[in-house]
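To start, the structure itself, in structure tokens.
All residue numbers refer to positions in the sequence shown, counting from 1.
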Amino acid sequence: MRIVALRGCTHRASAYLIVDPYTAEWQLHTLSKDGVYHAVVGFPFGEEIDLTGTPVGLVLRTDEFPGD
């Protein structure tokens, strides 16, 4: 799965997480403004996803996520 641009975000979604088991990678999109996420960070499975700055407020471990 490849996403070039995420549009249509709202103020209700402060973070948008994409987990792709085919590439064994995740992407976290943040800083939504004017319907677009302006910041993205992504890493392979095994790296933790820090969601402490979001309403979820936790760190998600990805070391046991299944890959393709």
Side-chain angles (χ1 to χ4, degrees):
M1 169 177 26
R2 297 285 181 219
I3 295 181
V4 176
L6 293 174
R7 299 204 175 271
C9 60
T10 68
H11 64 281
R12 294 174 292 180
S14 61
Y16 188 77
L17 177 63
I18 299 171
V19 177
D20 188 346
Y22 297 107
T23 63
E25 297 174 331
W26 57 265
Q27 290 183 347
L28 179 62
H29 298 260
T30 57
L31 298 177
S32 62
K33 183 178 178 183
D34 299 327
V36 178
Y37 287 102
H38 294 276
V40 62
V41 63
F43 289 97
F45 289 178
E47 297 291 328
E48 293 181 339
I49 304 170
D50 185 357
L51 299 170
T52 56
T54 71
V56 177
L58 57 81
V59 174
L60 183 62
R61 292 182 51 200
T62 65
D63 56 342
E64 295 185 19
F65 281 12
D68 187 27

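Here the side chain of T30 pairs no donor or acceptor atom with the backbone of A15 at under 3.5 angstrom. Using a distance-only test at 3.5 Å, with no hydrogens or angles considered, a donor-acceptor pair links the side chain of T62 to the main chain of G46.
With a 4.5 Å cut-off on side-chain heavy atoms, H29 and I18 count as touching. Looking only at side-chain heavy atoms (C-beta outward), V40 and Y16 stay at 4.5 Å or farther from each other. Considering only heavy atoms from C-beta on, V59 comes within 4.5 Å of T52 through its side chain. A 4.5 Å side-chain heavy-atom check between L17 and L60 finds at least one atom pair inside the cut-off.
Between K33 and H38, the shortest heavy-atom contact is O-NE2, 3.2 Å. When all heavy atoms are compared, the tightest approach of P66 to P21 is O-CB, 3.6 Å.
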Legend entry - Pair V41-I49, side-chain contact (heavy atoms from CB on, under 4.5 Å): steps then yes or no: CA-CA 10 Å; V41 63; I49 304 170; over 6 Å; no
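Ring centroid separation for the pair W26 and F45 does not come in under the 6.0 Å cut-off.
Interatomic distance, E47 CD to D63 CG, rounded to the nearest 0.5 Å: 10.0 Å. Within the model, atoms CG of L51 and CG of L28 stand 6.0 Å from one another, a figure rounded to the nearest 0.5 Å.
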